Novice: 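I'd like to ask you about the structure that follows.
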Amino acid sequence: MTPGSASDQSSEKGTSPKATPTTPHPSGWRVDPAPDGRGAPPQQKPPFIPRSGTFIWILVGLLALNVVIAIITSGPESRPQVPYQPFFVEQVTADNVRDISSTGDSIEGTLKKEATYTPPDGGDAVEVSEDFKTEVPSFIDSKAVTELLTEHNVVINASPPDSGRSVLGTILLAFLPTLLIIGFFLWLIRKQTGGGRGGILGGFGRSTARRVEADGKDRVTFKDVAGIDEAEEELEEIVDFLKNPQRYTRLGARIPHGVLLYGPPGTGKTLLARAVAGQAHAAYFHISASEFVEAIVGVGASRVRDLFKQAKAAAPAIVFIDELDAIGRSRSGNVAGLSGGNDEREQTLNQILTEMDGFEPGTDVIVLGATNRPEVLDPALLRPGRFDRRIAVNPPDRNGRVAILAIHTRDVTLADDVDLERIAASIPGSTGADIALLVNEAALFAARRDHAKVEQRDFTDAIEKILLGAERQVVMTDADRRRTAYHESGHALVGMLTPGADPVRKISIIPRGQALGVTLSTPDSDRYNYRREDLVAKIKVALGGRAAELVVFDEISTGAESDIQNLTQVARGMVGRWGMSDAVGPIAVTDGRQDGMLLPGTVPASEPTQELVDKEVRRIVDEAEDEVIELLRQERHRLERLAMALLERETLDQPEAYEVAGVPLPDEEPSEPDPTVTTATSRAGDD
């Protein structure tokens, strides 16, 4: 989900330079058929599914054929069933049976003249004109039957009597169903391939891109995008070229063939692409890179050719390829630790490279690609002439989050106490998708509580649910509650008393998610770089719970598992990524990636270096733990007060926690971050 919504409150109108017949679309965008007239995008009924009226007529025709076949292939009327004894034996003895045919124990025969059979129970008499059938009891010897028939000159046929089926009926019954099935599948294939173009497999090679014409009243424009102003500014030139190409071409300039949008998930890359198309009134083709690749070799390349053919015919147009790394990964087997792809993916990538090279001058088609992993893309894809520009789409800052909240709450009824500035300050590092989820969760909380409007408390609870997890009903023993209270009090007290630590926002011993208790700490403002003191403070806060257990119970438990994982990651980053160890120096030994892969330009460290890194990590953690244990021993009275308050109230908000601990509240005035050094934003929140 991306920041912003699909509705546009501006009065800006426009029409596409090449308007085509359209049909309504649920999103409010105008949905056009393909330029070559081959049908609508996949949101509508797929072309290979027959319309309901046609399908009904096909069924009626098949039923009629079935009736005709039944009439043609039907044999004579069924023969009357008579008993073997006395009727059959009496008629044979009276020389009234002309011939018989036998199949197993069944006998079918013909009389010389009519006979009447009266059932022994007094039922209605049965007139047997000629044909009849009977069953020979199993206890009667077949030899005796044969002797009886021979004695009375009854003709015994070697094959069963003719069923009356004609040769035409036999042929129809044998071959017509198969022919009908084959014909029906051929008709489906012909419908799929658009009337037979491209052969049997031609339909698979057609592009599956969804095309929408961004000139409806609810189109997405830059007014629906917030928090990523830098990316918008770089794309405004693309929009201006699509709207006024002569302004650039008269000076010999050319617009970039491709623009790569990269950044973390949920930052608004897809929304930006839609906004570019909506702002420029250009046709918009949206496809995921994974849709190009199929099991049939050559289909991906064929779909690429078809997509670019449609885009050129609809120019000016935007072709947006989402998750570009699905087919654009490096073809060498030694980039970012990834192996090369299969032949089908490489053929698809080669076709994209060829198509982007083949843009004629004046072709108003721009390819927008989006990926979360630009480091794995093939260098040939990123060279000038293909994806000329690379635009980073980063999480928004505080002001950007306020703007995104304003967009997502346009259709939400807010109470007077809702402070968007305060909410934005509480969620540093959040993306547009995170904010959209937050607003929706707050609205759900308000609905469950039967509020007339969404209140600030609903937003606060939604933030806690997203950051800390939903509350769960767990019955803990008194010993577990007491240990959890001291554990969380240790985290909180170390965070309050350690310089450089993030302020404590909330302490709770109510089980949430996988944790039995939580301590929430967030910075007052967005932070883009951290000093060594700040990182050591993070390690100390993570060690606070374990140290509190050692001070109070003189033993440790499994409750510090996630704390140890977090502090180890920070300590290894200090030594191996950020050069904060004098013993190792400013050398990149690790890159901190969760998948263990190395970034381009880094090499695996030697064993002596790796041992040195391990020693330095251990030294940093051990020194921090000793200091935390000493701090908690000195401040044992504060630790006891916090733990007792938690056992009594279960949850302490920031003012209550600082008051109970006897620590003054931190300065709430946000300080301006130093923009000279940037690293990944960390959010402290201990389980």
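Everything quoted here is computed from the prediction, not taken from an experiment. Start at 1 with the first residue, then count along the sequence.
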Novice: Salt-bridged, E355 to R305, with N to O below 4.0 Å?
Specialist: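 Looking at R305 together with E355, the answer is no, because their closest N to O distance does not fall below 4.0 Å.
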Novice: Rounded at 0.5 Å granularity, tell me how far CD1 in I287 sits from CD in E323.
Specialist: 13.0 Å
Novice: Where is the tightest heavy-atom contact between A314 and A317, given as atom of each residue plus distance?
Specialist: O-CB, 4.2 Å
Novice: A quick test of your reading: do over 12 heavy atoms of other residues, nucleotides or ligands sit less than 6.0 Å from NZ of K112?
Specialist: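 Enclosed: over 12 neighbouring heavy atoms sit under 6.0 Å from NZ of K112.
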Novice: Rounded to the nearest 0.5 Å, how far does OG1 of T354 lie from CZ of R386?
Specialist: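 The OG1 atom of T354 is 7.0 Å from CZ of R386, to the nearest 0.5 Å.
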Novice: So with a 6.0 Å cut-off around CD of E561, is the heavy-atom count from everything else above 12?
Specialist: no
Novice: Hey, does the side chain of T371 reach the backbone of L324 with a donor-acceptor pair shorter than 3.5 angstrom?
Specialist: no
Novice: Evaluate the criterion side-chain contact (heavy atoms from CB on, under 4.5 Å) for residue pair L272 and L261; output intermediate values, then yes/no.
Specialist: CA-CA 9 Å; L272 268 177; L261 305 174; 4.3 Å; yes
Novice: Measure the CD1-CZ distance between I100 and F88 for me, rounded to the nearest 0.5 Å.
Specialist: 6.0 Å
Novice: Going by heavy atoms in the side chains, are T110 and V97 under 4.5 Å from each other?
Specialist: no
Novice: To the nearest 0.5 Å, how far apart are OG1 in T558 and CG in L516?
Specialist: 8.0 Å
Novice: Check the pair R98 / V154 against side-chain contact (heavy atoms from CB on, under 4.5 Å), numbers first and verdict last.
Specialist: CA-CA 6 Å; R98 178 181 295 112; V154 177; over 6 Å; no
Novice: Evaluate the criterion side-chain contact (heavy atoms from CB on, under 4.5 Å) for residue pair F285 and L307; output intermediate values, then yes/no.
Specialist: CA-CA 8 Å; F285 295 84; L307 171 61; 4.0 Å; yes
Novice: Does the side chain of T93 reach to within under 4.5 Å of the side chain of H152, using non-hydrogen atoms?
Specialist: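 Yes, side chains in contact.
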Novice: Does any part of the side chain of V367, heavy atoms only, come nearer than 4.5 Å to the side chain of F387, both counted from C-beta?
Specialist: yes
Novice: Parallel, tilted or perpendicular: which one describes the rings of Y284 and F320, with boundaries at 30° and 60°?
Specialist: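 Parallel, since the angle between the ring planes stays under 30°.
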Novice: Between N96 and K113 (side chain of the first, backbone of the second, donor and acceptor by atom type, cut-off under 3.5 Å), is there such a pair?
Specialist: yes
Novice: What heavy-atom pair brings G263 and K269 nearest, and what distance separates the two atoms?
Specialist: O-NZ, 3.3 Å
Novice: Would you mind reporting whether D434 and I466 have side-chain heavy atoms less than 4.5 Å apart?
Specialist: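 Side-chain contact under 4.5 Å: no.
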Novice: If you compare all heavy atoms of A311 against all heavy atoms of V365, which two are closest, and at what distance to 0.1 Å?
Specialist: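 Closest approach of A311 to V365, heavy atoms only: O-CG2, 3.6 Å.
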Novice: So which atom in H408 and which in A436 form the shortest heavy-atom distance, rounded to 0.1 Å?
Specialist: CE1-CB, 3.4 Å
Novice: Give, for atom CD1 of I318 and atom CD1 of I366, the distance between the pair rounded to the nearest 0.5 Å.
Specialist: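 The CD1 atom of I366 is 5.0 Å from CD1 of I318, to the nearest 0.5 Å.
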Novice: For V376 and R373, what are the C-alpha separation, side-chain angles and deciding distance, and is it a side-chain contact (heavy atoms from CB on, under 4.5 Å)?
Specialist: CA-CA 6 Å; V376 305; R373 307 184 64 186; 3.9 Å; yes
Novice: Between P83 and T134, what is the shortest heavy-atom contact and its length?
Specialist: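 Closest approach of P83 to T134: C-OG1, 3.4 Å.
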Novice: Donor-acceptor pair, distance only, cut-off 3.5 Å: does the side chain of T150 make one with the backbone of E147?
Specialist: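 Checking the backbone N and O of E147 against the side chain of T150, no donor-acceptor pair under 3.5 Å is found.
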Novice: Within this structure, what is the CG-CZ distance for the pair L444 and R449, rounded to the nearest 0.5 Å?
Specialist: 11.0 Å
Novice: Given side chains that start at C-beta, do those of L381 and L349 come closer than 4.5 Å, heavy atoms only?
Specialist: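 Answer yes - side chains close enough.
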Novice: Which pair of non-hydrogen atoms, one from D224 and one from L271, has the smallest distance, and what is that distance?
Specialist: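 Closest approach of D224 to L271, heavy atoms only: O-CD2, 3.8 Å.
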